[in-house]
Amino acid sequence: SAASDVYKRQPSPDCPRYVSNRIRVVDGEAVERRKRSVAILNERGVPHRDDLPVLASTEHAKLRSAHDVALRSLCLFAVMAKGFDYPLECYEACLSDSELKHAFSPDETAFLADPTPDEVVADNFTWRGECCRTLLWSLGLIDSLDPPTEVYDADEFFEIFVEGWRSKARLRTASEIYDEHDLTYLY
């Protein structure tokens, strides 16, 4: 299987990086990506760790479909909105969407069903907005991601989730997604 190609159980002279008890496949693409990330961070004056492993290449990447990513972004939006105590009207359409009901995690389903969630639990769900923003970026609905030192503006989601937004969604390439992942990983 492809997974067995990406992670091999035995050491190999060409794959010196270990992840858990496995070796990560690292190629020239991944090394070049890391060099670009380091250059960007140096240009921005951001200190970073040089000892973090290089992320895998895109060769074996299996991205979800734009449709699946869009569904997940709506789930994250709904729990974030409830966490911030937005009025139910802001996200109730997500709760009644039959296709979306199956995309919520068990924790998200329980949180949305709780009429009076604990304040700490609600606060923890507001962080799902960070994930939502990243997924919206991966769909091309947000032009760029802010450095992970900035706080996102939850209100911007209301400008994105308007009629017809899914038809505008186009999943970015694996290379673009991996580039952004590596850059954020080093912050």
Side-chain angles (χ1 to χ4, degrees), residues 33 37 40-41 43-49 52 55 61-187:
R33 173 178 299 106
S37 295
I40 291 168
L41 293 173
E43 183 180 299
R44 294 177 181 172
V46 175
H48 56 277
R49 294 181 47 188
L52 294 173
L55 301 174
K62 291 191 173 160
L63 301 179
R64 304 238 179 198
S65 69
H67 176 77
D68 288 347
V69 174
L71 287 178
R72 224 19 233 144
S73 67
L74 274 174
C75 292
L76 295 168
F77 168 74
V79 295
M80 177 223 54
K82 180 169 180 166
F84 276 124
D85 203 25
Y86 284 132
L88 179 61
E89 307 83 59
C90 294
Y91 59 93
E92 71 183 332
C94 298
L95 305 179
S96 61
D97 185 322
S98 61
E99 185 178 21
L100 200 59
K101 284 183 181 180
H102 304 290
F104 286 105
S105 73
D107 287 345
E108 292 165 347
T109 301
F111 173 66
L112 290 168
D114 188 345
T116 56
D118 179 81
E119 188 176 326
V120 172
V121 172
D123 285 346
N124 286 336
F125 275 102
T126 64
W127 287 102
R128 302 282 170 108
E130 296 283 352
C131 301
C132 181
R133 193 167 197 291
T134 302
L135 292 182
L136 292 173
W137 170 83
S138 74
L139 291 170
L141 299 171
I142 292 177
D143 293 331
S144 63
L145 290 174
D146 296 326
T149 57
E150 303 294 320
V151 177
Y152 70 95
D153 176 11
D155 292 337
E156 82 177 313
F157 297 128
F158 294 102
E159 297 168 15
I160 294 170
F161 291 119
V162 294
E163 189 70 35
W165 73 274
R166 286 191 206 189
S167 65
K168 297 175 192 168
R170 299 287 180 267
L171 195 61
R172 292 179 188 267
T173 65
S175 183
E176 288 176 286
I177 292 170
Y178 275 56
D179 284 353
E180 192 66 32
H181 180 203
D182 190 65
L183 180 63
T184 303
Y185 176 63
L186 293 178
Y187 259 88

Working note: Y187 + L41, criterion side-chain contact (heavy atoms from CB on, under 4.5 Å); need CA distance, chi angles, decisive distance, verdict.
CA-CA 8 Å; Y187 259 88; L41 293 173; 3.4 Å; yes

Test item: [X] side-chain N/O and [Y] main-chain N/O as donor-acceptor pair under 3.5 Å:
{"X": "S96", "Y": "A93", "answer": "yes"}
{"X": "R172", "Y": "W137", "answer": "yes"}
{"X": "K82", "Y": "D114", "answer": "yes"}
{"X": "R133", "Y": "L145", "answer": "no"}

State, yes or no, whether a side-chain contact exists between [X] and [Y] at a heavy-atom distance under 4.5 Å.
{"X": "V46", "Y": "P147", "value": "no"}
{"X": "W165", "Y": "S73", "value": "yes"}
{"X": "L74", "Y": "R166", "value": "yes"}
{"X": "C75", "Y": "L100", "value": "yes"}
{"X": "L88", "Y": "L95", "value": "yes"}
{"X": "E130", "Y": "M80", "value": "no"}
{"X": "R33", "Y": "L55", "value": "no"}
{"X": "L136", "Y": "E156", "value": "no"}

Give every residue pair that meets the ring pair (Phe, Tyr, Trp, His ring centres under 6.0 Å) criterion with at least one member in residues 99-131, sequence neighbours excluded.
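For residues 99-131, and leaving out neighbouring residues, the ring pair (Phe, Tyr, Trp, His ring centres under 6.0 Å) pairs sorted by first residue read F111-F125.
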
Begin from the C-alpha positions of S144 and E180 and carry the test side-chain contact (heavy atoms from CB on, under 4.5 Å) through to its verdict.
CA-CA 9 Å; S144 63; E180 192 66 32; over 6 Å; no

Tell me the closest heavy-atom pair linking L71 and A103, and the distance in Å.
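Heavy atoms only, the tightest pair is CB-CB, 4.4 Å.
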
Heavy atoms only: give me the nearest C131-L76 pair and the separation to one decimal.
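Shortest heavy-atom separation between C131 and L76 comes out as CB-CD1, 3.6 Å.
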
Quick check for you: to the nearest 0.5 Å, what is the distance between [X] atom [atom1] and [Y] atom [atom2]?
{"X": "L139", "Y": "T134", "atom1": "CG", "atom2": "OG1", "result": "11.0 Å"}
{"X": "D123", "Y": "F84", "atom1": "CG", "atom2": "CZ", "result": "8.5 Å"}
{"X": "Y185", "Y": "R49", "atom1": "OH", "atom2": "CZ", "result": "8.0 Å"}
{"X": "K101", "Y": "E99", "atom1": "NZ", "atom2": "CD", "result": "12.5 Å"}

Evaluation steps, side-chain contact (heavy atoms from CB on, under 4.5 Å), between L186 and I40
CA-CA 11 Å; L186 293 178; I40 291 168; over 6 Å; no

Using the ring pair (Phe, Tyr, Trp, His ring centres under 6.0 Å) criterion, which residues pair with F158? Sequence neighbours excluded.
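Listed in chain order: F77, Y86.
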
Should the pair R128-E108 be classified as a salt bridge under the 4.0 Å nitrogen-to-oxygen rule?
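Counted as a salt bridge, because a side-chain N and a carboxylate O are separated by less than 4.0 Å.
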
Within 6.0 angstrom of R64 CZ, more than 12 heavy atoms from elsewhere
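Open: at most 12 neighbouring heavy atoms sit under 6.0 Å from CZ of R64.
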
Assess whether side-chain contact (heavy atoms from CB on, under 4.5 Å) is satisfied between D179 and S37, documenting all intermediate values.
CA-CA 7 Å; D179 284 353; S37 295; over 6 Å; no

What class does the angle between the rings of F157 and F161 fall in, given that below 30° is parallel, 30 to 60° is tilted and above 60° is perpendicular?
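Correct class here is tilted.
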
